[in-house]
Every structure is written in C-alpha cells, then in structure tokens.
Amino acid sequence: MNAVIKLSSPATREFWEIPVLFEDEHLLALDKPSGLLTSPDRYDPERPNLMKLLHAGIAESKPWARERGLTYLSNAHRLDFETSGVILLAKNKEVLVKLADLFGAEKPVKKYVALVQGVPAEDEFEIDAKLAPHPVRLGFMRVEPKNGKKSLTKFR
C-alpha cells in the first residue's frame, strides 16, 4: 500500500499528499498539513476539508481507498486549519465510539510546538480554563467559565 494518500480540490486547484503514519484494521493515522481544514468550516462550508475529500475519495473508489478496502472513515478529533500534525481516523463506527470515549475522558495528550514572539514571565506554566467560541469575533475562542469546554494547556 502507498504510504501517501493523494487528495485534490479541482474547485480551488489545491493538491495534497497526506502521509500515512500508522494503519491497521481499525485505525488510520495521517499527518494533516497546515492550511487544510479537518472538517467543514461553519462559515464557509464549501472550503476544502480533509474529511470531505476523504469521503469523496471513498465514494469515487480512488486507488488509495480501493486498495485499503475503505468504506468508512471518521475523525476522532480535529486539528485547527493552521495546525499540522497527527489526525486519528476510525475505520468503523464501533472504533469511533471507543475513540470518542477516550478523547472525552481526556486520556489522549495533544502536544503542540509553536513559534512565539516575546518572552513569558516563567519558563513553565499552565492555564486551566473553560473555552467557548467568542460571541462576536467569528473563529475566535474565549474563556467562558460557566458554559465553556474544559481545557488545560501546559506551556514550557
């Protein structure tokens, strides 16, 4: 099998070669590039996104889907548009439910590496704050103690 899944969006003339990092009968782990949405954008549903492209490739029986015998793929989590990294996909609904339970229980640890400007006051610190979409600034998040989603971020 190819270690790369080739995807394209003729409408936007974009092309991606997505490296396969791990695969077995239950899971597919891909290296999502920066600049590609994981799932549809709520503000612009026509923008290319990884899941829509993968589902179209399965429906069209593209070589990468056919050689893997894929009929189902669903993402267990998301990565932001600007973020590159490992995206974990379930090959059936039963595995998706188990992965969703794990992510919901906060068992997986996500690590991000970022370039920043300036110097923080401390070398290591953490922020434990509930986050929710900003009510006015589309695409932005804010701390929302009452109705936010739990988030713990450790900086080093």
message = Taking side chain to side chain donor-acceptor pair (under 3.5 Å) as the cut-off, I'd like each qualifying pair that reaches into residues 78-93, sequence neighbours left out, listed once.
response = Glu23-Lys91
ask   = Mind checking what makes ring-ring contact (aromatic ring centres under 6.0 Å, His included) contact with Tyr72, not counting sequence neighbours?
value = none
hydrophobic_cluster_shared for Leu70 and Ile87, side chain cutoff 4.5 Å = yes
message = Has His55 got a side-chain atom pairing as donor or acceptor with Leu73's backbone, closer than 3.5 angstrom?
response = yes
ask   = Considering only heavy atoms from C-beta outward, does the side chain of Leu36 approach that of Leu53 to under 4.5 Å?
value = yes
request  = Might you point out which heavy atoms bring Val4 and Val20 nearest each other, and give the distance in Å?
outcome  = N-CG2, 4.3 Å
message = According to side-chain contact (heavy atoms from CB on, under 4.5 Å), who are the partners of Asp31, at least two apart in sequence or on a separate chain?
response = Pro19, Leu21
note = Per side-chain contact (heavy atoms from CB on, under 4.5 Å), Lys32 is matched among Asn75, Val86, Thr38 by Thr38
request  = Grab the two heavy atoms, one from Ile18 and one from Pro33, that are nearest each other, plus how far apart they are.
outcome  = CD1-CD, 3.5 Å
inquiry  = Return the OG to CG distance between Ser39 and Leu50, rounded to the nearest 0.5 Å.
reply    = 9.0 Å
request  = Please examine the side chains of Met51 and Leu54, heavy atoms only from C-beta on, and report whether any two atoms are closer than 4.5 Å.
outcome  = yes
Please tabulate, for side-chain N and O atoms in residues 124-137, each donor-acceptor pair with protein atoms closer than 3.5 Å (sequence neighbours left out).
residue: His134; atom: ND1; partner: Val136; partner atom: N; Å: 3.0
residue: His134; atom: ND1; partner: Arg137; partner atom: N; Å: 3.0

task = Would you name the heavy atoms of Leu7 and Trp64 that are closest together and state the gap between them?
result = CD2-CZ2, 3.8 Å
ask   = Which atom pair, heavy atoms only, marks the closest approach of Ser151 to Thr153?
value = OG-OG1, 3.8 Å
query = Hey, what do you get for CG (Leu28) to CZ (Phe22), rounding to the nearest 0.5 Å?
reply = 9.5 Å
task = Can you sort out the partners of His77 under ring-ring contact (aromatic ring centres under 6.0 Å, His included), two or more places apart, ordered by chain and number?
result = Phe103
query = At what distance, to the nearest 0.5 angstrom, does CD of Glu46 lie from NZ of Lys52?
reply = 4.5 Å
remark   = Contacts satisfying side chain to side chain donor-acceptor pair (under 3.5 Å) that involve residues 7-21 (not counting sequence neighbours) are Ser9-Thr12, Thr12-Glu14
message = When you group the ILVMFWY residues by side-chain heavy-atom contacts below 4.5 Å and let the links chain together, are Leu88 and Leu96 in the same group?
response = no
